[in-house]
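Structure record follows, encoded as structure tokens.
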There are 2 protein chains.
Amino acid sequence: MSTRRDAVRQTLSESSGFRSAQDLYADLRADGSKIGLTTVYRALQALSDSGEIDVLRNDDGEAVYRACGTESHHHHLVCRVCGTAVEIEGPTVESWAAETGAKHGFTDVTHTVEVFGTCPRCSS
Amino acid sequence: MSTRRDAVRQTLSESSGFRSAQDLYADLRADGSKIGLTTVYRALQALSDSGEIDVLRNDDGEAVYRACGTESHHHHLVCRVCGTAVEIEGPTVESWAAETGAKHGFTDVTHTVEVFGTCPRCSS
DNA sequence: CGCGTTTTGACAATCATTTTCGTTTTCGGC
DNA sequence: GCCGAAAACGAAAATGATTGTCAAAACGCG
Ligand SMILES: [Zn+2]
Ligand SMILES: [Zn+2]
Ligand SMILES: [Zn+2]
Ligand SMILES: [Zn+2]
């Protein structure tokens, strides 16, 4: 099915960082695609719903997406300037979050953990 | 200065959870205040800029604010249903984030860490 | 080919947040 | 107290991302 969705997925894969829907739309159009903005949003929603891509909010509150190398649970170290991201893991953080939630009687505990900074390239 | 800002701060303090600007505005108006929405936004921005209140984004991407008991660095355990929040700390998370950033050559490393769940009251 | 289903995209509608801009308050100096 | 500058206000318009609508186009299949 959907060549459209694949196009979005691929465009996203070609970037190392988090990208916004508007951003990806611009890229696709620039590459000659006749895709519509609505479809880009739908594709991104479907992809994130199925867990194929990660989504988070940047400082402006807009949703940004990334096609990560793994679909297993992980977090990111994101460059505040260029958006480049590195996948990171923190076993202790995982257990800390779960325990903290349980300690206070919370159920269905999840967490958001993102580390931001300026990457080597952008700091020079 | 600004009785307005104080009004916003106080209304926020009366809640144990994170609240949105629109939400606080409705509360203030309901209490008879003639405050304008613009002013609520300005007050919240000023308060968060000065570090007096914490701000984060809910699932819908809208900014929500909270008047925490301390101005020192901490995180939250937030109820996904009612928004109630508990201030939490995680020393190991702090060092983990800093080290992870440094390990990859990132500078000016910061992090966002929030734990979500369903609070005891909302789960019953 | 026909036909029902799914996908698509132009366009309108939402909705939180920001800008604008004239009005009102506040405040220090007189 | 009185005055003008500066700061604070608030109503209304502008912005901008995201979502809803709906008719047209692409697809699957007999
Ligand atoms: Zn960078
Ligand atoms: Zn995790
Ligand atoms: Zn709750
Ligand atoms: Zn921290």
Side-chain angles (χ1 to χ4, degrees), chain A residues 1-12 15 17-67 78 80 83 112 114, chain B residues 1-12 15 17-67 78 80 82-83 85 112 114:
Chain A
M1 49 201 109
S2 128
T3 299
R4 291 312 197 190
R5 179 176 311 183
D6 289 334
V8 170
R9 188 192 345 245
Q10 183 182 336
T11 299
L12 192 53
S15 169
F18 280 88
R19 312 286 306 281
S20 72
Q22 307 276 348
D23 200 8
L24 289 166
Y25 170 67
D27 266 27
L28 285 159
R29 299 291 290 202
D31 282 349
S33 170
K34 292 287 185 294
I35 196 171
L37 182 55
T38 307
T39 305
V40 174
Y41 274 103
R42 275 192 289 241
L44 289 171
Q45 185 131 57
L47 288 168
S48 70
D49 282 352
S50 73
E52 291 179 71
I53 64 177
D54 283 359
V55 54
L56 58 83
R57 303 259 170 194
N58 65 15
D59 289 333
D60 299 329
E62 61 181 334
V64 287
Y65 308 82
R66 182 172 194 267
V78 188
R80 208 179 282 112
T112 64
E114 305 297 337
Chain B
M1 48 198 111
S2 132
T3 298
R4 291 311 197 190
R5 180 176 310 183
D6 289 334
V8 171
R9 191 195 340 248
Q10 185 183 333
T11 299
L12 192 53
S15 169
F18 280 88
R19 313 284 307 281
S20 72
Q22 306 277 347
D23 200 7
L24 289 167
Y25 170 67
D27 265 26
L28 285 159
R29 300 291 290 203
D31 282 350
S33 170
K34 292 289 188 294
I35 197 171
L37 182 56
T38 307
T39 304
V40 174
Y41 274 104
R42 276 192 287 239
L44 289 171
Q45 186 132 59
L47 289 168
S48 71
D49 282 350
S50 74
E52 291 179 70
I53 64 176
D54 283 0
V55 54
L56 58 84
R57 303 258 169 197
N58 66 15
D59 289 334
D60 299 330
E62 59 181 335
V64 286
Y65 307 81
R66 182 171 195 268
V78 188
R80 209 179 282 111
C82 66
T112 63
E114 304 299 337

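Since the structure is predicted, the reported quantities are computational estimates derived from the model, not experimental observations.
C/dT7 atom P lies 13 Å from atom CG of A/D6, rounded to whole Å. For A/Y25 and C/dT8, the OH to P distance is 14 Å, given to the nearest whole Å. Rounding to whole angstrom units, CG of residue A/D59 and C1' of C/dT17 are separated by 15 Å. Taking atom CZ of residue A/R29 and atom C1' of nucleotide C/dA10, one finds them 10 Å apart after rounding to whole Å. Here D/dA17 presents its C1' atom at 10 Å from OH of A/Y65, a figure rounded to the nearest Å. As a whole-Å value, the separation of B/L37 CG from D/dC9 P is 14 Å. One can place CG of A/N58 at 13 Å from C1' of D/dG16, the figure rounded to the nearest angstrom. When rounded to the nearest whole Å, the span between CG of B/L44 and C1' of D/dA8 equals 16 Å.
Of the listed nucleotides (D/dA11, C/dA10, D/dA17), C/dA10 has the atom at the smallest distance from the side chain of A/T38.
Side chain of B/R57 to backbone of A/D59: a donor-acceptor contact under 3.5 angstrom is found. Not a single donor-acceptor pair under 3.5 Å links the side chain of A/R4 to the backbone N or O of A/V40. Of the possible donor and acceptor atoms, one in the side chain of A/N58 sits under 3.5 Å from a partner among the backbone N and O of A/D60.
Expressed to the nearest 0.5 Å, how far CZ of A/R66 lies from CZ of A/R19 amounts to 12.0 Å. The CZ atom of B/F18 sits 13.5 Å away from atom CG of B/D23, with the distance rounded to the nearest 0.5 Å.
Among the atoms of the strands shown, base atoms are found under 4.0 Å from some heavy atom of A/Q22.
Contact annotation: side chain of A/R42 to base of C/dG9, donor-acceptor pair present below 3.5 Å. Within 3.5 Å, no donor on the side chain of A/S20 pairs with an acceptor on the base of D/dA17, nor the reverse.
Taking only side-chain nitrogens and oxygens, B/R4 comes nearer than 4.0 Å to OP1 or OP2 of D/dG10. One finds no side-chain N or O of A/Y41 lying less than 4.0 angstrom from the OP1 or OP2 phosphate oxygen of D/dT19. Between A/T39 and C/dG9, a side-chain N or O to OP1/OP2 separation shorter than 4.0 Å is present.
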